There are 2 protein chains.
Amino acid sequence: MNADWIEQFPGLSRLEPAIRDVLTRKSSIVTVREGSVIFGPGKSPENLLLLLDGRVRVQQVSEAGREIVLYRVEAGQSCVLTTACLLAHEGYSAEGIAETDVRAVAIPRTVFDDLIAQSVTFRTFIFTAYSKRITDLFQIIEDIAFQRVDIRLAQKLLDLERGTGQIKATHQQLAAELGTAREVISRQLGEFQRRGWIRQSRGAVELVEPDGLERLAALDAA
Amino acid sequence: MNADWIEQFPGLSRLEPAIRDVLTRKSSIVTVREGSVIFGPGKSPENLLLLLDGRVRVQQVSEAGREIVLYRVEAGQSCVLTTACLLAHEGYSAEGIAETDVRAVAIPRTVFDDLIAQSVTFRTFIFTAYSKRITDLFQIIEDIAFQRVDIRLAQKLLDLERGTGQIKATHQQLAAELGTAREVISRQLGEFQRRGWIRQSRGAVELVEPDGLERLAALDAA
DNA sequence: CGGGTTTGGTGACAACGTTACTGAAAGGTG
DNA sequence: CACCTTTCAGTAACGTTGTCACCAAACCCG
């Protein structure tokens with residue numbers, strides 16, 4: 001199999017040649033359609049995925065049906081936390097959804113284990129990824145517990161705006177991003193619009209004056 | 001060194017004899033005084049700790065000084081999430097504190113890495129621990145985001161009561177357990193007391209009628 | 001005992017969550 | 001197109017939680 005993809009992962013570029021060979025031979029490239037559920041309750045992931053293109057959203061869904069986005073996996077990153085959860089933990093209620101069409105390298109569980117055993121570089125790659133994700137989770141906990149919703153929403157709007165000054169998302173989806181209620185988002189966006197920072201339309205938010213949002217977002221844990 | 005301690009960790013009892021030998025020879029038993037900060041901002045842990053006795057509380061401290069308890073490590077468990085964070089991530093603001101006098105096996109970073117490389121059993125032990133901790137974190141996020149404070153407090157009181165029907169903790173400490181404010185705890189405990197479920201005294205809560213708390217706690221995500 | 005510190009109680013208010021309902025916009029179907 | 005359905009957004013009222021300001025009681029220590 002073509003091994004060029006390894007260069008897309010900085011942590012793997014120095015992989016030992018023999019390991020590199022195992023990795024490319026025993027993994028496969030998969031594609032997933034936008035909107036597909038990659039893993040979720042009752043659907044354990046069989047592989048470790050390294051994303052080549054696209055984006056995966058990982059979210060927690062409560063029994064009552066409420067959702068909160070935990071993190072996103074972008075191109076060049078791995079779905080590494082799912083490896084821990086491969087171990088099928090009862091209460092594992094997080095799910096991963098392809099936000100775009102996704103192309104990824106799939107590493108089977110057994111190969112993953114071999115690579116961990118045989119390569120220092122691979123171990124470092126995996127544990128570094130863990131580290132990043134876990135500290136991100138700590139940050140989310142802190143934000144939910146202690147941060148004002150208006151500040152978090154401003155940060156999230158700036159975060160979700162990818163180049164275009166536009167965000168395609170319903171109020172409901174933005175509520176799920178922050179783990180709050182739709183009505184709260186509607187109120188806050190209404191306020192942002194009154195201040196002239198954004199313009200709203202059905203299913204989308206246009207950033208008119210990002211500076212206003214930036215100032216609010218910068219208040220952080222003041 | 002005496003290797004009896006290995007039997008205290010079910011996941012390690014089947015460790016390959018050679019590995020067992022490495023583990024006992026290259027690790028050491030340490031003791032930590034109650035109240036000591038085991039790791040924290042600017043104090044990376046140098047070892048993986050396996051707790052033989054005692055309890056470690058891991059909490060997140062915000063810039064504004066507010067605290068929230070993330071999880072506890074009990075005897076027979078490992079401080080495994082700290083291994084990920086050994087990798088000194090900038091924003092790593094969690095800290096580990098000995099809640100009691102602690103006796104633990106300390107595995108140096110390099111030995112940890114060797115064991116991961118050489119033993120399937122050890123890998124399984126570590127990744128299982130990861131899995132448990134991470135799903136716990138997901139649960140915390142869900143609780144903070146979606147669960148009512150009175151329900152969470154009732155659950156926490158039942159959780160903290162260890163045998164004795166008494167909990168030694170100030171309202172401020174209970175607030176940190178849930179990531180809320182002291183005043184909120186005072187209000188809720190006042191309500192619990194009016195209902196005859198608890199009796200309050202300075203720095204302690206006595207459970208008079210746990211059944212009442214149980215019923216409330218059971219409402220969960222109803 | 002006296003004075004400082006820690007802990008807890010409370011009221012007023014702001015922020016956030018919930019419920020219930022409304023209407024507008026988009027999409028599908030004949 | 002007209003009609004219906006579904007999705008999305010706005011809003012008011014109210015309950016819960018968080019914040020602020022302040023006070024009082026319990027404890028600590030000299």
Side-chain angles (χ1 to χ4, degrees), chain A residues 35 62-68 141-157 166-195 198-206 216 219-222, chain B residues 35 62-68 140-157 166-195 198-206 216-217 219-222:
Chain A
S62 81
E63 291 184 30
R66 297 193 54 175
E67 298 179 1
I68 180 167
I141 290 175
E142 191 174 314
D143 284 352
I144 298 177
F146 304 133
Q147 195 65 282
R148 284 166 39 185
V149 169
D150 55 349
I151 292 176
R152 294 208 292 140
L153 179 56
Q155 291 170 340
K156 187 57 77 174
L157 289 176
Q166 239 224 358
I167 296 153
K168 285 205 58 172
T170 66
H171 292 189
Q172 183 59 60
Q173 288 166 335
L174 290 172
E177 293 286 339
L178 303 186
T180 182
R182 182 197 51 90
E183 292 86 338
V184 176
I185 299 294
S186 295
R187 275 201 293 248
Q188 294 295 347
L189 288 181
E191 178 60 26
F192 289 175
Q193 187 166 36
R194 265 187 296 282
R195 296 185 193 172
I198 64 168
R199 199 171 316 148
Q200 298 191 65
S201 54
R202 191 185 168 89
V205 176
E206 185 187 349
L216 180 58
L219 290 185
D220 216 63
Chain B
S62 80
E63 291 185 30
R66 296 193 54 175
E67 296 178 3
I68 180 167
I140 287 180
I141 290 175
E142 190 174 313
D143 285 351
I144 297 178
F146 304 133
Q147 194 65 283
R148 285 168 36 182
V149 170
D150 55 351
I151 293 176
R152 294 208 292 139
L153 179 57
Q155 292 170 339
K156 187 57 77 175
L157 288 176
Q166 239 223 0
I167 296 152
K168 284 204 57 169
T170 65
H171 293 190
Q172 183 59 61
Q173 286 166 338
L174 290 172
E177 293 287 339
L178 303 185
T180 182
R182 201 243 335 141
E183 294 88 331
V184 175
I185 299 294
S186 295
R187 275 201 295 248
Q188 295 295 347
L189 287 181
E191 178 60 26
F192 289 174
Q193 187 166 36
R194 265 187 296 282
R195 295 185 193 172
I198 65 169
R199 198 171 317 146
Q200 297 190 65
S201 53
R202 191 184 169 88
V205 177
E206 187 187 347
L216 180 58
L219 291 184
D220 217 63

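The figures that follow rest on heavy atoms only: side chains count, while hydrogens, waters and symmetry mates do not. Every value quoted in this text rests on a predicted model; they were computed, and no experiment measured them. In what follows, chains carry the letters A, B, and so on, assigned in the order in which the sequence lines appear, proteins first and then strands, with residues in each chain numbered from 1.
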Is the base of [N] touched by the side chain of [X] through a donor-acceptor pair closer than 3.5 angstrom?
{"X": "A:Arg187", "N": "C:dG17", "value": "yes"}
{"X": "A:Glu183", "N": "C:dC16", "value": "no"}
{"X": "B:Arg182", "N": "C:dG9", "value": "yes"}
{"X": "B:Arg148", "N": "D:dT17", "value": "no"}

Take B:Leu153 and B:Thr180 through the test side chain to side chain contact (heavy atoms under 4.5 Å, CB included) and record every step on the way to the result. CA-CA 10 Å; B:Leu153 179 57; B:Thr180 182; over 6 Å; no
According to a strict under-4.0 Å criterion, is [X] in side-chain N/O contact with OP1 or OP2 of [N]?
{"X": "B:Arg66", "N": "D:dT19", "value": "yes"}
{"X": "B:His171", "N": "C:dT6", "value": "no"}
{"X": "B:Gln200", "N": "C:dG9", "value": "yes"}
{"X": "B:Thr180", "N": "D:dG18", "value": "yes"}

Take the protein atom [atom1] of [X] and the nucleotide atom [atom2] of [N], then report the distance between them rounded to whole Å.
{"X": "B:Arg152", "N": "D:dG18", "atom1": "CZ", "atom2": "P", "value": "8 Å"}
{"X": "A:Ile167", "N": "D:dC8", "atom1": "CD1", "atom2": "C1'", "value": "17 Å"}
{"X": "B:Ile185", "N": "C:dG8", "atom1": "CD1", "atom2": "P", "value": "11 Å"}
{"X": "A:Leu174", "N": "D:dG10", "atom1": "CG", "atom2": "P", "value": "12 Å"}
{"X": "A:Ile144", "N": "C:dG17", "atom1": "CD1", "atom2": "C1'", "value": "15 Å"}
{"X": "A:Glu191", "N": "C:dA14", "atom1": "CD", "atom2": "P", "value": "15 Å"}
{"X": "A:Ile151", "N": "D:dG18", "atom1": "CD1", "atom2": "P", "value": "16 Å"}
{"X": "A:Ile198", "N": "D:dA9", "atom1": "CD1", "atom2": "C1'", "value": "13 Å"}

Have a look at [X] and say if it touches a base, only the backbone sugar-phosphate, or nothing, with a 4.0 Å heavy-atom cut-off.
{"X": "B:Gln193", "value": "nothing"}
{"X": "A:Gly190", "value": "nothing"}
{"X": "A:Gln173", "value": "nothing"}

Once you round to the nearest 0.5 Å, how far does CD of A:Glu177 lie from CG of A:Leu157? 9.5 Å
Side chain of A:Ser186 only, heavy atoms from C-beta on: which candidate in D:dA9, D:dT19, C:dT18 is closest? D:dA9
When you get a sec, tell me which of C:dT7, C:dG9, D:dT17 is the closest nucleotide to the side chain of B:Val184? D:dT17
For A:Gln172 and for B:Gly179, locate the closest nucleotide of DNA chain D by heavy-atom distance; then report the residue assigned to the nucleotide nearer the 5' terminus. A:Gln172
Select from A:Thr170 and B:Val149 the residue whose nearest nucleotide in DNA chain D is closer to the 5' end of that strand. A:Thr170
Return yes when atom CZ of B:Arg66 has more than 12 non-hydrogen atoms of other residues, nucleotides or ligands closer than 6.0 Å, and no otherwise. yes
Show, in sequence, the C-alpha distance, side-chain angles and deciding distance for A:Ile198 and A:Ile167, and conclude whether the side chain to side chain contact (heavy atoms under 4.5 Å, CB included) test is met. CA-CA 11 Å; A:Ile198 64 168; A:Ile167 296 153; over 6 Å; no
Between B:Arg195 and B:Glu191, is there a side-chain N and carboxylate O pair less than 4.0 Å apart? yes
Give the intermediate values and the outcome of side chain to side chain contact (heavy atoms under 4.5 Å, CB included) for residues B:Val205 and B:Phe192. CA-CA 11 Å; B:Val205 177; B:Phe192 289 174; over 6 Å; no
